[in-house]
Amino acid sequence: MTKIPTKTLNDGNQIPVLGFGTYKLNGSQGVNAIDSALSNGYLLLDSAFNYENEGTVGEAIRRSSIKREDIFVTSKLPGRHQTYDQAIPTIQESLYRAGLDYYDLYLIHWPNPKEEHYVEAWQALIAAQKFGLVRSIGVCNFLPEHLERLVAETGITPAVNQIELHPYWSQASQRAYDQAHGIFTQAWSPLGRASSVLQEPVINAIANKYHKSAAQVILRWEFQLGVGIIPKANSTSHQLANLDIFDFELTPEELATITKLDKPNGQLKNQDPAVYQEF
């Protein structure tokens, strides 16, 4: 079974660098897919309140033979519950849904800057960490301006910033900012949701060289960029393939070639965190 490397976060906790995305995995089919992922070697499960599948994740964990303390579970606070008075009960409700005593990582899902609640949401996550509801706390889709405000007003730096990241949207400046401030960057939609990026000739040429798939080359590129990756895969074959990226290494030239695929309009759904709102 593949041994997944870990990263030490700025709070001292360890996080697997490769995990399993659970978006749209719901009900019994979702439980089966997640249980399969755990059996195949994944130890990080990424969920969210808005995915409406925290119960599914919890059930898969209970069915698994893996100990709870060996599984790293993430969930996220939705925009509609970002006020302090709503955030704490929402985190508790997330745990009740999953049937868990704590989350290993809890994130603010989007900054929703027009609402002006993300700082008090962050204060709620800080409190939840002190209460023992969550082990590590972080954010998703936060720009430098949002991160700077969190630190300026609370003194606490997020452990993780989960952002859209794939070859068409490689986020060089955000990655550099996160790294400079001790924040671990995680990539959501690391394969561009199976977009045309998988057909890119330069990626497939590299894949042929290493006898790998285009998806494996992309995931390896992200791993070598130093970011966390959380691909989703329903089938056992895809789950195993996404884990099989630790037995080869891309050259600096190959890394640069893939990074050059970045596009000014490369975002999947034009979700600009400076203005986008998700509730």
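All residue numbers refer to positions in the sequence shown, counting from 1.
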Exercise. Do V197 and L268 sit in the same hydrophobic cluster, where Ile, Leu, Val, Met, Phe, Trp and Tyr count as joined when their side-chain heavy atoms come under 4.5 Å apart?
Worked result: no
For this session: Check each of L18, L43, L44 against I4 using the side-chain contact (heavy atoms from CB on, under 4.5 Å) test, and report the only one that passes.
Result: L18
Problem set entry | Considering all heavy atoms, the nearest Y84-A127 contact | OH-CB, 3.4 Å
Exercise. Taking everything shown except E153 itself, do over 12 heavy atoms lie less than 6.0 Å from its CD?
Worked result: yes
Problem set entry | From CA spacing to verdict: side chain to side chain contact (heavy atoms under 4.5 Å, CB included), L9, R135 | CA-CA 11 Å; L9 299 175; R135 298 281 174 86; over 6 Å; no
Problem set entry | Test: R149 and E116 ion pair at under 4.0 Å | yes
Exercise. Cationic tip of R97 within the cone over F49's six-membered ring, i.e. under 6.0 Å and within 45° of the normal?
Worked result: yes
Exercise. Does a donor on one side chain and an acceptor on the other come within less than 3.5 Å for Y276 and Q267?
Worked result: no
Exercise. Under 3.5 Å, side chain of E222 to main-chain N/O of A187, donor-acceptor pair present?
Worked result: no
For this session: Start with the C-alpha gap between I218 and L198, add the side-chain angles, then the distance that decides, and say whether side chain to side chain contact (heavy atoms under 4.5 Å, CB included) holds.
Result: CA-CA 8 Å; I218 292 170; L198 295 178; 3.7 Å; yes
Problem set entry | Minimal non-hydrogen separation, Y103 against A98, with atom names | OH-CB, 3.6 Å
Exercise. Salt bridge check: are E59 and R63 linked by an N-O gap of less than 4.0 Å?
Worked result: yes
Exercise. Does D178 reach the main-chain N or O of F184 with its side chain, forming a donor-acceptor pair under 3.5 Å?
Worked result: no
For this session: Following the transitive rule for hydrophobic clusters with a side-chain heavy-atom cut-off under 4.5 Å over Ile, Leu, Val, Met, Phe, Trp and Tyr, establish whether W169 and L143 coincide in one cluster.
Result: no
For this session: Mark yes or no for whether Q171, through its side chain, and E164, through its backbone, hold a donor-acceptor pair below 3.5 Å.
Result: yes
Exercise. Does the distance from a Lys or Arg side-chain N to an Asp or Glu carboxylate O, for D46 and K76, drop under 4.0 Å?
Worked result: yes
Exercise. Hey, are Q86 and T83 close enough side-chain-wise for a donor-acceptor pair under 3.5 Å?
Worked result: yes
Problem set entry | Enclosure of D101 CG (heavy-atom neighbours >12, cutoff 6.0 Å) | no
For this session: Before accepting this row, confirm whether a basic side-chain N of the pair D247/R220 lies closer than 4.0 Å to the acidic partner's carboxylate O.
Result: no
Problem set entry | CD (E93) with more than 12 external heavy atoms under 6.0 Å | yes
Problem set entry | K232 (side chain) donor-acceptor with Y23 (main chain) under 3.5 angstrom | yes
For this session: Identify the two heavy atoms, one from S64 and one from D35, that lie closest to each other, and give their separation to 0.1 Å.
Result: CA-OD1, 3.8 Å
Exercise. With distance as the sole test, does T257 use its side chain to make a donor-acceptor pair with the main-chain N or O of E253 at under 3.5 Å?
Worked result: yes
Problem set entry | More than 12 heavy atoms of other groups within 6.0 Å of Q179 CD | no
Exercise. Is the count of non-hydrogen atoms from other residues, nucleotides or ligands lying under 6.0 Å from F279 atom CZ greater than 12?
Worked result: yes
For this session: Look at the side chain of S235 and the backbone N and O of H238, then say whether any donor-acceptor pair between them is shorter than 3.5 Å.
Result: yes
Problem set entry | Euclidean distance, L95 CG relative to T90 OG1, rounded to 0.5 Å | 11.0 Å
Exercise. What orientation do F246 and F223 show, parallel under 30°, tilted 30 to 60°, or perpendicular over 60°?
Worked result: perpendicular
For this session: Locate the shortest heavy-atom distance separating I183 from P158; write the atom from each residue and the value.
Result: CG1-O, 3.4 Å
Exercise. Would T259 and S170 count as having a side-chain donor-acceptor pair, cut-off 3.5 Å?
Worked result: no
Problem set entry | Side-chain donor or acceptor of Q82 paired with backbone N/O of A121 under 3.5 Å | no
For this session: Answer with yes or no whether the side chains of S47 and E54 bring together a donor and an acceptor at under 3.5 Å.
Result: no
Problem set entry | From CA spacing to verdict: side chain to side chain contact (heavy atoms under 4.5 Å, CB included), T56, Y51 | CA-CA 10 Å; T56 294; Y51 297 174; over 6 Å; no
Exercise. Same cluster for I71 and Y102 if Ile/Leu/Val/Met/Phe/Trp/Tyr side chains link at under 4.5 Å?
Worked result: no
For this session: Could you tell me whether the side chain of D244 and the main chain of L240 form a donor-acceptor pair under 3.5 Å?
Result: no
For this session: Report yes or no: does Q239 contribute a side-chain atom to a donor-acceptor pair with the main-chain N or O of A233 at less than 3.5 Å?
Result: yes
Exercise. In terms of the angle between their ring planes, are H166 and Y168 parallel, tilted or perpendicular, with boundaries placed at 30° and 60°?
Worked result: perpendicular
Exercise. Same cluster or not: are V151 and I126 linked, directly or through other Ile, Leu, Val, Met, Phe, Trp or Tyr residues, by side-chain heavy atoms under 4.5 angstrom apart?
Worked result: no
Exercise. Can you check side chain to side chain contact (heavy atoms under 4.5 Å, CB included) on L261 and E200, steps first, answer last?
Worked result: CA-CA 9 Å; L261 294 171; E200 283 288 344; 3.6 Å; yes
Exercise. If you measure from NE2 on H117 to CG on N112, what distance do you get to the nearest 0.5 Å?
Worked result: 9.0 Å
Problem set entry | Nearest heavy-atom neighbours spanning G138 and L105 | N-CD1, 4.2 Å
Exercise. N53 side chain to G27 main-chain N or O, any donor-acceptor pair under 3.5 Å?
Worked result: no
Exercise. Looking only at heavy atoms, what is the nearest atom pair of F248 and V217, with distance?
Worked result: CZ-CA, 4.3 Å
For this session: Decide whether I108 and I163 are clustered together by the hydrophobic rule: side chain heavy atoms of Ile, Leu, Val, Met, Phe, Trp, Tyr closer than 4.5 Å, transitively.
Result: yes
Exercise. What residue among N161, V139, L125, V160 forms side-chain contact (heavy atoms from CB on, under 4.5 Å) with L107?
Worked result: V160
Problem set entry | Value rounded to 0.5 Å, distance of CG in N50 from CG in L77 | 9.0 Å
